[in-house]
Amino acid sequence: MSVIFAPDWLRGKAKVNQETIQRLLEENDQLIRCIVEYQNKGRANECVQYQHVLHRNLIYLATIADDNTSSLTKAVE
């Protein structure tokens, strides 16, 4: 299960650290490998579930990056 799944009451309260980001990146690497493997075997239907998790992880990482960029911009001003 993806490391970004959390109960609603925890969302937005967890501190994002380098370890969490690294785990997500490693998970994404594994997801991509699984997707490629299933595609090579002609099992596109099995790819979809992994693609959804990969998409969710990528959106989460992009959100973190945006938040960090916004924080840095505000700190400079």
Side-chain angles (χ1 to χ4, degrees):
M1 177 175 276
S2 181
V3 294
I4 66 165
F5 291 110
D8 288 337
W9 57 273
L10 271 180
R11 290 177 192 230
K13 296 180 182 176
K15 288 203 171 197
V16 178
N17 57 32
Q18 191 62 37
E19 180 183 331
T20 302
I21 293 171
Q22 186 60 42
R23 284 177 35 207
L24 276 169
L25 293 172
E26 290 169 3
E27 180 179 359
N28 289 351
D29 178 64
Q30 187 61 35
L31 287 166
I32 291 168
R33 292 174 192 272
C34 287
I35 291 166
V36 169
E37 183 178 331
Y38 280 126
Q39 285 177 339
N40 287 339
K41 292 179 179 179
R43 297 170 60 185
N45 290 338
E46 285 87 349
C47 294
V48 174
Q49 64 184 351
Y50 296 114
Q51 289 170 336
H52 284 287
V53 176
L54 178 62
H55 180 262
R56 188 174 13 238
N57 286 357
L58 292 172
I59 295 298
Y60 182 73
L61 288 170
T63 303
I64 293 169
D66 285 345
D67 287 346
N68 286 338
T69 303
S70 296
S71 297
L72 289 174
T73 304
K74 289 177 184 176
V76 172
E77 293 174 351

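Just so you know, residue 1 is the first one in the sequence shown, and it goes up from there. Hydrogens, waters and symmetry mates are skipped; everything else that's a heavy atom, side chains included, is used. It should be emphasised that the depicted structure is a prediction, and the values quoted were computed from it without experimental measurement.
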Rounded to the nearest 0.5 Å, how far does CG of Asn28 lie from CZ of Arg23?
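Arg23 atom CZ to Asn28 atom CG measures 12.5 Å (nearest 0.5 Å).
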
Point-to-point distance, once rounded to the nearest 0.5 Å, from CG of Asn57 to CD1 of Ile21:
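Going from the CG atom of Asn57 to the CD1 atom of Ile21 covers 12.0 Å.
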
Measure the shortest side-chain to side-chain distance between Gln51 and Leu31 over non-hydrogen atoms and say whether it is less than 4.5 angstrom.
no

Check: Glu26/Gln30 side-chain N/O donor and acceptor closer than 3.5 Å:
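Gln30 and Glu26 do not have a side-chain donor-acceptor pair below 3.5 Å.
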
Return the CZ to SG distance between Arg43 and Cys34, rounded to the nearest 0.5 Å.
11.0 Å

What's the shortest heavy-atom distance between Gln49 and Glu46, and which atoms?
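Result for this residue pair: CG-O, 3.4 Å.
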
Roughly how far apart are Asn40 CG and Cys47 SG, rounded to 0.5 Å?
9.0 Å

Roughly how far apart are Tyr50 OH and Glu37 CD, rounded to 0.5 Å?
9.0 Å

Pair Thr20, Asn17: side-chain N/O donor-acceptor within cut-off below 3.5 Å:
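Yes, Asn17 and Thr20 have a side-chain donor paired with an acceptor closer than 3.5 Å.
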
I need the Arg56 CZ to Ile59 CD1 distance, nearest 0.5 Å.
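It is 11.0 Å, given to the nearest 0.5 Å.
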
Set out, in order, the CA-CA distance, both residues' side-chain angles and the distance that settles side-chain contact (heavy atoms from CB on, under 4.5 Å) for Glu27 and Val53, then state yes or no.
CA-CA 10 Å; Glu27 180 179 359; Val53 176; 3.9 Å; yes

